[in-house]
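Contents: one structure, followed by commentary.
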Amino acid sequence: MNILYLIPVVLVIAGICFMIYMNKKHKAVKTEIDLDTERNKYDIYNQELLAQDFSQLKQWMKGKSIDAFTSASVPQSTSNKLQEIASDGIKNIALSAIGVKLKTIETDCFWVLSGNDLHFFSTDAIGELDEHIVFDNFRIEEAQLKYGGILKSQIAIYSKSSEEYLPKTHIITFNIDGNPLSLEIHDRLNYTPDPTDLLNVKKQFSTRAKYQVVGEKFIPVLQSKFPNLKVA
């Protein structure tokens, strides 16, 4: 028998063995991460992430305080609505003035709570700042908040077993001169494993935990300043 015929078989067996090994590693590391314990390290993780992984937020805030931060997104419905407004002759100047800045739903976005202002940052395809929108306390005091479930744009990408790792959202709706404008607040910072860490399962889980601990604090901090955003 030509030995070349055995190569695919060997590769398949090696692949199966690798998958079994990674699954065992995945389960073992998962049990080592106690999220309740991790939550006690919020202040440490908050400063660590602002100094390292999300240092761009400090640059974008230009010295203003950062009381809490997390990831954000523009709902498909909002994006469609804004496109309709733009194509309809921009009848609502106030909403369109904000809307033209929310033209994408695919790149990273962030919320930063600073004092009584909410800052919404969107980025371009390479992660550079695209737009910066500030909602002042008057806008926030008229806003409404509701639970939005798992981030819909990612449900179709991941399997059912992966749902625990997907962002859950709250939808904040602002009144822009009589017109609603809804945006999503994630319960964690968006995490994409670095290619060099794909085999480092422990680092992946540890980083994912930090991103969740910091991101999930955003809503409670926001609600403590704006009781009108309490969700029934």
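The first residue of the sequence shown is numbered 1, and numbering continues consecutively from there.
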Check: So, Glu38 versus Tyr45: side-chain donor-acceptor pair below 3.5 Å or not?
Finding: yes
Check: Just by distance, with hydrogens left out, do Ser73 and Glu184 show a side-chain donor and acceptor under 3.5 Å apart?
Finding: yes
Next item on the list: For the residue pair Phe69 and Leu49, establish whether any side-chain heavy-atom pair is separated by less than 4.5 Å.
Entry: yes
Next item on the list: Please test Asp36 against Arg39 for salt bridge (charged side-chain N to carboxylate O under 4.0 Å, His left out), starting from the C-alpha separation and ending with a verdict.
Entry: CA-CA 5 Å; Asp36 288 333; Arg39 289 184 174 107; 2.8 Å; yes
Note to self: Is it true that, when you exclude Lys210 itself, more than 12 heavy atoms of the residues, nucleotides or ligands shown sit nearer than 6.0 Å to its NZ?
What the structure shows: yes
Checklist line | Backbone of Thr173 reached by a side-chain donor or acceptor of Gln144 within 3.5 Å | finding: no
Notebook entry, point to check: Val231, Leu113: one ILVMFWY side-chain cluster at the under-4.5 Å cut-off?
Noted result: yes
Notebook entry, point to check: Do Leu151 and His186 come close enough that some side-chain heavy atom pair is under 4.5 Å?
Noted result: yes
Next item on the list: Report yes or no: does Ser114 contribute a side-chain atom to a donor-acceptor pair with the main-chain N or O of Ile66 at less than 3.5 Å?
Entry: no
Notebook entry, point to check: Relative to each other, are the rings of His132 and His119 parallel, tilted or perpendicular (30° and 60° limits)?
Noted result: tilted
Item checked: Short side-chain to backbone donor-acceptor contact, Thr123 and Asp108, under 3.5 Å -> yes
Margin query: Is there a path of hydrophobic side-chain contacts, each under 4.5 Å between heavy atoms, that joins Val74 and Tyr147?
Written below: no
Checklist line | Aromatic ring proximity Phe174/Phe135, centre distance under 6.0 Å | finding: yes
Notebook entry, point to check: Would you say Asn116 and Phe226 make side-chain contact, with heavy atoms under 4.5 Å?
Noted result: yes
Next item on the list: Of all the heavy-atom pairs spanning Asp67 and Tyr42, show the shortest one and how long it is.
Entry: O-OH, 4.0 Å
Check: Between Arg188 and Glu216, is there a salt bridge with N-O shorter than 4.0 Å?
Finding: no
Notebook entry, point to check: Just by distance, do the side chain of Ser224 and the backbone of Val221 share a donor-acceptor pair under 3.5 Å?
Noted result: yes
Note to self: Before you tell me yes or no, could you show the steps for Thr70 and Phe110 under side chain to side chain contact (heavy atoms under 4.5 Å, CB included), namely the whole-Å CA-CA distance, both residues' side-chain angles and the distance that decides it to 0.1 Å?
What the structure shows: CA-CA 6 Å; Thr70 190; Phe110 301 93; over 6 Å; no
Next item on the list: Give a yes or no on this: more than 12 heavy atoms of other residues, nucleotides or ligands lie within 6.0 Å of atom CD of Glu48.
Entry: yes
Next item on the list: List the steps, then state whether side chain to side chain contact (heavy atoms under 4.5 Å, CB included) holds for Thr107 with Asp130.
Entry: CA-CA 10 Å; Thr107 55; Asp130 190 18; 5.9 Å; no
Check: Do Asp117 and Lys64 pass the salt bridge (charged side-chain N to carboxylate O under 4.0 Å, His left out) test, and can you show the C-alpha distance, the side-chain angles, and the key distance before you say yes or no?
Finding: CA-CA 11 Å; Asp117 292 336; Lys64 293 181 180 177; 5.6 Å; no
Next item on the list: Inspect the surroundings of NZ in Lys58 and state if more than 12 heavy atoms from other residues, nucleotides or ligands are less than 6.0 Å away.
Entry: no
Next item on the list: Would you confirm whether Asn228, through its side chain, and Ile140, through its main-chain N or O, come within 3.5 Å as a donor-acceptor pair?
Entry: yes
Next item on the list: Any chance you could lay out the side chain to side chain contact (heavy atoms under 4.5 Å, CB included) test for Gln212 and Leu35, step after step, and finish with the verdict?
Entry: CA-CA 9 Å; Gln212 180 173 347; Leu35 205 52; 3.3 Å; yes
Check: Among side-chain atoms of Asn190 and Tyr211, is any donor-acceptor pair under 3.5 angstrom?
Finding: no
Notebook entry, point to check: Step by step, would you call Leu222 with Leu118 a side chain to side chain contact (heavy atoms under 4.5 Å, CB included)?
Noted result: CA-CA 9 Å; Leu222 178 64; Leu118 262 178; 4.1 Å; yes
